[in-house]
Amino acid sequence: MEGKILKEEIELTEHIAKCYQPGEKVWLIDELSGTLEEREKRHNLLALGRQFLGAAERGDVKKVKQFLESGFPTNFQDPQTKFTALHSAASSRARGVAHILLQSHQCDFLLRDFKGRLASEAAFVFGDDVALARLLRIKERKQGEAQGIQVTRRPRPE
């Protein structure tokens, strides 16, 4: 059993290394632009990203740790929903995953989904987790102050 888990971790690490190098913005490349190799890397990275977000949503702490230890970008955003792993964990009450993400010290708490919601709002609205929402709100404010940004909730529709 332990050998199988180790093999999965090695395969994941190798797959991530083929698709992503730290600091690379491959997933931002337009589907129709770039070389064939760049488009293939983008496609593979997006598939990995969706696995990462799915693991965060399911509360799969072990899988999320594997992704992070393999060098996968903590702040990966799905191009369609703009959800991050923190949004996914917060909206599904996956506190274990949220804790792992917070411990990584790499979360950008100011990233918003396609409707302009912060992770704290996802925790409150979808996850019905007031405690996690409060913690994330504090983190958002601190990060905003450090960056000189006034953090606001999204404006209400008129």
Side-chain angles (χ1 to χ4, degrees), residues 9 12-13 15-17 19-31 33-34 38 41-158:
E9 288 178 21
L12 179 63
T13 303
H15 193 60
I16 289 172
C19 301
Y20 175 77
Q21 296 300 316
E24 196 174 28
K25 302 282 186 188
V26 175
W27 64 89
L28 298 178
I29 295 172
D30 188 301
E31 288 181 34
S33 68
E38 288 175 331
K41 277 179 78 172
R42 179 187 185 279
H43 174 75
N44 290 336
L45 183 64
L46 290 175
L48 277 171
R50 290 192 173 107
Q51 287 178 26
F52 178 56
L53 297 180
E57 186 176 354
R58 288 188 309 276
D60 190 343
V61 172
K62 193 173 192 178
K63 192 66 147 180
V64 170
K65 273 186 178 180
Q66 285 178 351
F67 270 92
L68 295 177
E69 290 169 358
S70 298
F72 197 78
T74 308
N75 296 310
F76 174 85
Q77 282 185 286
D78 183 280
Q80 293 165 335
T81 65
K82 301 294 183 200
F83 256 44
T84 64
L86 191 58
H87 281 86
S88 295
S91 64
S92 63
R93 269 190 123 162
R95 284 187 173 186
V97 170
H99 183 71
I100 295 302
L101 293 168
L102 293 174
Q103 282 183 329
S104 76
H105 301 290
Q106 295 176 356
C107 287
D108 184 345
F109 299 103
L110 304 180
L111 292 176
R112 295 177 182 266
D113 71 2
F114 76 108
K115 288 193 175 181
R117 295 177 292 231
L118 296 163
S120 63
E121 293 173 278
F124 186 78
V125 174
F126 302 119
D128 195 28
D129 192 339
V130 177
L132 182 57
R134 178 176 277 156
L135 173 64
L136 293 174
R137 187 74 180 139
I138 290 167
K139 299 278 189 185
E140 292 161 358
R141 266 197 309 264
K142 284 183 180 180
Q143 193 173 61
E145 287 172 8
Q147 295 179 12
I149 299 170
Q150 182 180 4
V151 180
T152 60
R153 297 197 184 269
R154 59 194 177 100
R156 294 181 191 272
E158 295 179 26

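In what follows, every heavy atom counts, from backbone to side chain, and hydrogens, waters and symmetry copies are set aside.
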Verdict with supporting geometry, Val64 and Phe52, side-chain contact (heavy atoms from CB on, under 4.5 Å): CA-CA 6 Å; Val64 170; Phe52 178 56; 3.9 Å; yes

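Interatomic distance, His99 NE2 to Ser104 OG, rounded to the nearest 0.5 Å: 11.0 Å. Atoms NZ and OG1, from Lys115 and Thr81 in turn, are 11.5 Å apart once rounded to the nearest 0.5 Å. For the atom pair Arg50 CZ and Phe76 CZ, the distance stands at 6.5 Å (nearest 0.5 Å). The CG atom of Leu136 lies 9.5 Å from the NE2 atom of His87; values are rounded to the nearest 0.5 Å. Going from atom CZ of Arg141 over to atom CG of Leu110 covers 12.0 Å, rounded to the nearest 0.5 Å. With rounding to the nearest 0.5 Å, the separation of CD in Glu57 from OG in Ser91 is 6.0 Å.
Partners of Arg93 by side-chain contact (heavy atoms from CB on, under 4.5 Å), not counting sequence neighbours, listed by chain and number: Asp129. Residues that satisfy the salt bridge (Lys or Arg N to Asp or Glu O under 4.0 Å) test with Arg134, not counting sequence neighbours, are absent from this structure.
Under a 3.5 Å cut-off, the side chain of Gln143 and the backbone N or O of Cys107 do form a donor-acceptor pair. Without hydrogens or angle criteria, Asp108 side chain to Asn75 main chain gives no donor-acceptor distance under 3.5 Å. Judged by distance alone, with hydrogens and angles left aside, the side-chain atoms of Glu140 form a donor-acceptor pair with the main-chain N or O of Ser120 at under 3.5 Å. Proximity of a side-chain donor or acceptor of Arg117 to a complementary backbone N or O of Asp113 within less than 3.5 Å is not detected. Of the possible donor and acceptor atoms, none in the side chain of Gln80 sits under 3.5 Å from a partner among the backbone N and O of Phe114.
Nearest approach of Gln77 to Lys82, heavy atoms of both residues: NE2-O, 2.9 Å. When all heavy atoms are compared, the tightest approach of Thr84 to Leu53 is C-CD2, 3.3 Å. Across every non-hydrogen atom of Lys65 and Ile100, the tightest pair is CE-CD1, 3.3 Å. Ala94 and Ala56 make their closest contact through CB-O, 3.5 Å (heavy atoms, listed as atom of the first residue, atom of the second, distance). Contact record, Thr152 with Arg112: O-NH2, 2.5 Å, taken as the closest heavy-atom pair. In terms of heavy atoms, Val97 sits closest to Ala89 at CG1-CB, 3.7 Å.
Ring pair Phe67/Phe72 is perpendicular by interplanar angle, where above 60° counts as perpendicular and below 30° as parallel.
With a 4.5 Å cut-off on side-chain heavy atoms, Val151 and Arg137 count as touching. Looking at heavy atoms from C-beta onward, Phe124 lies in side-chain contact with Val130 at the 4.5 angstrom threshold. Residues Leu111 and Leu86 form no side-chain contact, since every pair of their non-hydrogen atoms from C-beta on lies 4.5 Å or further apart.
Between Glu145 and Lys142, no side-chain nitrogen of the basic residue sits less than 4.0 Å from a carboxylate oxygen of the acidic one, so the salt-bridge criterion is not met.
Shown here is Gln147, whose CD atom has more than 12 heavy atoms of other residues, nucleotides or ligands within 6.0 Å. Residue-environment remark: CZ (Phe109) exceeds the threshold of 12 foreign heavy atoms within 6.0 Å.
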